[in-house]
Amino acid sequence: MRLTRFYIPTLKEAPAEADVASQKMMMRAGMIRKLAAGIYSTLPLGLRVIRKLENIIREEMNRAGAMEVFMPAVQPSELWVESGRWDVYGKELLRFRDRHDREFCFGPTHEEVITDLVRRDVRSYRDLPLNFYQIQTKFRDEIRPRFGVMRGREFSMKDAYSFDATDDGANKSYEAMRVAYTAIFTRLGLNFRAVEADTGQIGGSFSHEFMVLADSGEDTIAYCGKCEYAANVEKVEIKAPADVESGEALPLEEVSTPKMKTIEEVSGFLKIAPERLIKTLVYKTDTGEFVVALTRGDHDVNNVKLARAVKANEVTMADDAEVFKATNAPSGFLGPIGLTSVKIIADNAVRVLRNAVTGANKKDAHVRNVNHERDFPNATFADIRNVKAGDPCPRCAGGVMGLARGIEVGHIFKLGTKYSEAMRATFLDSEGKEQPMIMGCYGIGVGRTAAAAIEQNHDDKGIIWPSSIAPFDVAVIPLNMDDEAVVKAAEEVYAELMKEGLDPIIDDRDARGGVKFNDADLVGYPAQVVVGKKSLAEGKVEIKNRKTGERVSVAPGEVVAEVRKVIAGY
RNA sequence: CGGGAUGUGGCUCAGCCUGGUAGAGUACUCGCUUCGGGAGCGAGGGGUCGGAGGUUCAAAUCCUCUCAUCCCGACCA
């Protein structure tokens, strides 16, 4: 490709709204332009990256036995009503009506459509298993789109859906996808980790997220330093402490704690470590029910875990008025004692505390020597807290958990029969008995993966593409466009690179060297071949490795081999 | 959805407080010089000052409404 015939509108300064590295660089390198909040156009350079990425995904999906299809972006409401999600999906689902006043949505995912497709034709266990995938534009009307294409509203996603006759088969389909995803992200050259994850709104029985490790990631993952266990903090299991602390349960004792509301204040005032306090929080579920959550003073409630424990879709903290309504006590001085009309969920760590401190359910007072068996026997225990670095690993002996930030680029779910039952996608088994198909679904955020690659691979000058998805393998940079020998040598090198099957771009603009160097560094071609008057006089051209910055001078005939060497090192 | 901020040429921003009819850098066009890390000089083109309404002799500037964009929060009592 010739730069004079290819559109790469680079910018010296990033638009003010860009706040993460990948967004700044994709804008500056002329890969994307914003049309509206969370909605982007992809320019030719960006599309090259996306296509290379998609092709790797396709190859690995096909290898794993999945078949590509293409489903409609616009979906009728009936299917969503049938699956039960029309009412639960909320405002993220973009809904609209056609001219006949029929309701539709712009698909945020395609379980309904694929399930409908399959149930129409598949009748027998002999037709199974099946796995269909597509690469398609989705729309999720996010509350707050941000970070460019990493959290856009309109985005491209590879989604796949498997249908099996047996549970064992479904597990095999799931495993095949886990292997395929590992192959995909490995080929993309990303530093990633597959972690156990919450199934969220999609539903289902178990799932893994594929996380690209980057400090700018929106998710936190916990991993064991010793064994292979890793999970999203929303999911990570926390080992419940085994034995109740020793010691006698002492009589309850009310203490005055004027204006001491927070854990720090109470802990400091009573000179008692936060670990000896029980924090009492009031939550409201999406159905309007109040729940009281208890954790140790030094621990934090994880909303997702709490929601799962009380079988709600979502929980939010109650405000002060709601707190009073639920407990008849002022916030800041809450405790579980005497709360009988509301459900109490306590974290496992609270169970073993002996003689702890809680609020007294009245202003300016707390209670000492609280013990759950005696003082709040109506509590149920569950794992509802956030993991802390240093917590013991739940899966191995002696392992300790660490925390890292990650960008969720892929997510695989074993769905089970949630959709097939709701939508009656059934088949006849070998005994002639009707059974619901067992499903799995598997997504990869295409644009987000490209952005994650940049988050993980850039410097202050620009992007450093993994060679597998670089828009071009190598840039040929003639420095003196008015020097015939330079132009001729550069053109020959360019032609040779193409002939040898590489994907080069030649910067044939009549521009100064500095401009070309800076653009090349910004766009991030893995290798640059610099053809200039001076080195050419000695029969040499220069090859620069974008990642290491190393330059070597070689004869024009050795360029292809040298470029290959550079790319291989990526 | 709550709070905060910002909308001025393609991009980054000044001007607004104190009203007098729009500016800089960069980018773009042309000429000359220059030419291995975002050149210099000269000459140009490009702006309904987000939109609507109001106040005023006069509005980018003051007032009201509205739209858009961004940030923070929606988690620890």
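In what follows, every chain begins at residue 1, and chains take the letters A, B, ... in the order their sequences are listed. What you are looking at is a predicted structure, and each value in this text was computed from that prediction instead of being measured.
A close approach under 4.0 Å does occur between a side-chain nitrogen or oxygen of A:Arg512 and OP1 or OP2 of B:A39. Of the side-chain N and O atoms in A:Lys34, one or more sit less than 4.0 angstrom from OP1 or OP2 of B:C70.
Between A:Asn355 and A:Asn371, the side chains place a donor N or O and an acceptor N or O closer than 3.5 Å (distance only, hydrogens not considered). Judged by distance alone, the side chains of A:Ser216 and A:Glu455 do bring a donor and an acceptor atom under 3.5 Å apart.
Atoms OH (A:Tyr40) and C1' (B:C70) sit 11 Å apart, rounded to a whole Å. When the P atom of B:G31 is taken as reference, atom CG of A:Asp510 falls 12 Å away, rounded to whole Å. One interatomic measurement links the two molecules: CG of A:Leu281 to C1' of B:A74, which rounds to 15 Å at whole-angstrom precision. What separates NZ of A:Lys540 from C1' of B:G36 is a distance of 18 Å, to the nearest Å. Going from atom CD of A:Glu265 over to atom C1' of B:C76 covers 13 Å, rounded to whole Å. Atom pair A:Lys534:NZ and B:C35:P shows a separation of 9 Å (rounding to whole Å applied). The nearest whole Å value for the distance from the CE atom in A:Met260 to the P atom in B:A77 is 14 Å. Atom CD in A:Glu218 sits about 10 Å away from atom P in B:C72, given to the nearest Å.
Taking atom P in both B:G15 and B:G50, one finds a spacing of 15 Å when rounded to whole Å. Rounded to the nearest Å, the gap between the C1' atom of B:G73 and that of B:C65 is 27 Å. Here the separation of B:A22 from B:U48, taken at their C1' atoms, is 14 Å to the nearest Å. The gap from the P atom of B:C62 to that of B:U8 amounts to 16 Å, rounded to the nearest Å. B:G45 and B:U26 are spaced 16 Å apart, taking the C1' atom of each and rounding to whole Å. Nucleotides B:U18 and B:A77 place their P atoms 44 Å apart, quoted to the nearest Å. For the C1' atom pair drawn from B:C49 and B:G9, the interatomic distance equals 10 Å after rounding to whole Å. For the C1' atom pair drawn from B:G19 and B:G25, the interatomic distance equals 27 Å after rounding to whole Å.
When Watson-Crick and G-U wobble pairs are counted only if both distances are under 3.5 Å, B:G44 pairs with B:C28. Within the shown strands, B:C13 is the pairing partner of B:G23 under the Watson-Crick or G-U definition, both distances less than 3.5 Å. For B:G7, the paired nucleotide is B:C67, the pair qualifying as Watson-Crick or G-U wobble because both relevant distances are below 3.5 Å. With both pairing distances under 3.5 Å, B:A74 is matched to nothing as a Watson-Crick or G-U wobble pair. Pair assignment for B:G38: none, as no Watson-Crick or G-U wobble contacts are both less than 3.5 Å. Under the Watson-Crick and G-U wobble criteria, each requiring two contacts below 3.5 Å, nucleotide B:A60 is left unpaired.
Looking at the side chain of A:Val323, the nearest of the listed nucleotides B:A77, B:C75, B:C71 is B:A77. Here the side chain of A:Ile143 is nearest to one of B:A74, B:G36, B:U12, namely B:A74. For A:Arg144, taking side-chain heavy atoms from C-beta onward, the closest of the listed nucleotides B:G38, B:C71, B:U69 is B:C71. When distances are taken from the side chain of A:Val530 to each of B:C1, B:G37, B:G36, the shortest belongs to B:G36. Considering only the side chain of A:Lys12, B:U26 comes nearest among B:C72, B:G37, B:U26. When the nucleotides B:G38, B:G36, B:U12 are ranked by their closest atom to the side chain of A:Leu522, B:G38 comes out on top. Closest to the A:Met317 side chain, of the nucleotides B:G37, B:G36, B:C76, is B:C76. Listed nucleotides: B:C75, B:A77, B:G38. Nearest to the side chain of A:Glu264: B:A77. Of the candidate nucleotides B:A77, B:C71, B:G37, B:C71 has the atom lying nearest to any side-chain atom of A:Asp19. When distances run from any side-chain atom of A:Tyr283 to the nucleotides B:C76, B:G38, B:G36, the shortest one goes to B:C76.
Within 4.0 Å of A:Asp300, counting heavy atoms only, lies at least one base atom of the nucleic acid. Residue-level contact check: A:Lys261 touches the backbone only, with heavy atoms under 4.0 Å from sugar-phosphate atoms and none from bases. At the heavy-atom level, A:Gly532 lies under 4.0 Å from base atoms of the strands shown. In this structure, A:Ala14 reaches the sugar-phosphate backbone alone: every heavy-atom distance under 4.0 Å involves primed, P, OP1 or OP2 atoms, never a base. Base engagement by A:Lys544 is indicated by at least one non-hydrogen atom pair under 4.0 Å involving a base atom. Heavy atoms of A:Arg385 sit nowhere under 4.0 angstrom from any nucleic acid atom. Residue A:Glu17 is in sugar-phosphate contact alone, with no base atom involved, counting any heavy-atom pair closer than 4.0 Å across all strands shown. Across all strands, A:Ile263 comes closer than 4.0 Å only to sugar-phosphate atoms, never to a base (heavy-atom distances). Residue A:Lys516 is out of contact with every strand shown, counting any heavy-atom pair closer than 4.0 Å. Contacts of A:Asn302 with the nucleic acid, taken as non-hydrogen atoms under 4.0 Å apart, are absent. Residue A:Ala318 is classed as a base contact, given a heavy-atom separation below 4.0 Å to a base. Residue A:Arg28 is classed as a base contact, given a heavy-atom separation below 4.0 Å to a base. If you check every strand for non-hydrogen atoms under 4.0 Å, A:Ser535 touches a base.
Salt bridge status for A:Lys305 with A:Asp383: present, with a side-chain N to carboxylate O gap under 4.0 Å. Using a 4.0 Å cut-off between charged nitrogen and carboxylate oxygen, A:Asp507 and A:Arg509 count as a salt-bridge pair. Between A:Lys362 and A:Glu254 there is a salt bridge, with a side-chain nitrogen of the basic residue lying less than 4.0 Å from a carboxylate oxygen of the acidic one. Note on A:Arg151 versus A:Glu218: salt bridge recorded, some NZ/NE/NH1/NH2 to OD/OE distance being below 4.0 Å.
Under the 4.5 Å side-chain criterion, counting only non-hydrogen atoms from C-beta, A:Lys279 is not in contact with A:Leu294. At least one side-chain heavy atom of A:Ile8 sits less than 4.5 Å from a side-chain heavy atom of A:Phe6.
Nearest-nucleotide positions on RNA chain B place A:Arg551 closer to the 5' end than the other of A:Ser331 and A:Arg551. Across the interface with RNA chain B, nearest-nucleotide mapping of A:Val282 and A:Ala16 shows A:Ala16 to be the residue nearer the 5′ end.
A cation-pi contact, defined as under 6.0 Å to the ring centre and within 45° of the axis, is absent between A:Lys261 and A:Phe333.
Panel note: side chain A:Asp391, backbone A:Met401; no donor-acceptor pair is recorded below 3.5 Å.
Between the side chain of A:Asp519 and the base of B:G38 there is at least one donor-acceptor pair of N/O atoms closer than 3.5 Å.
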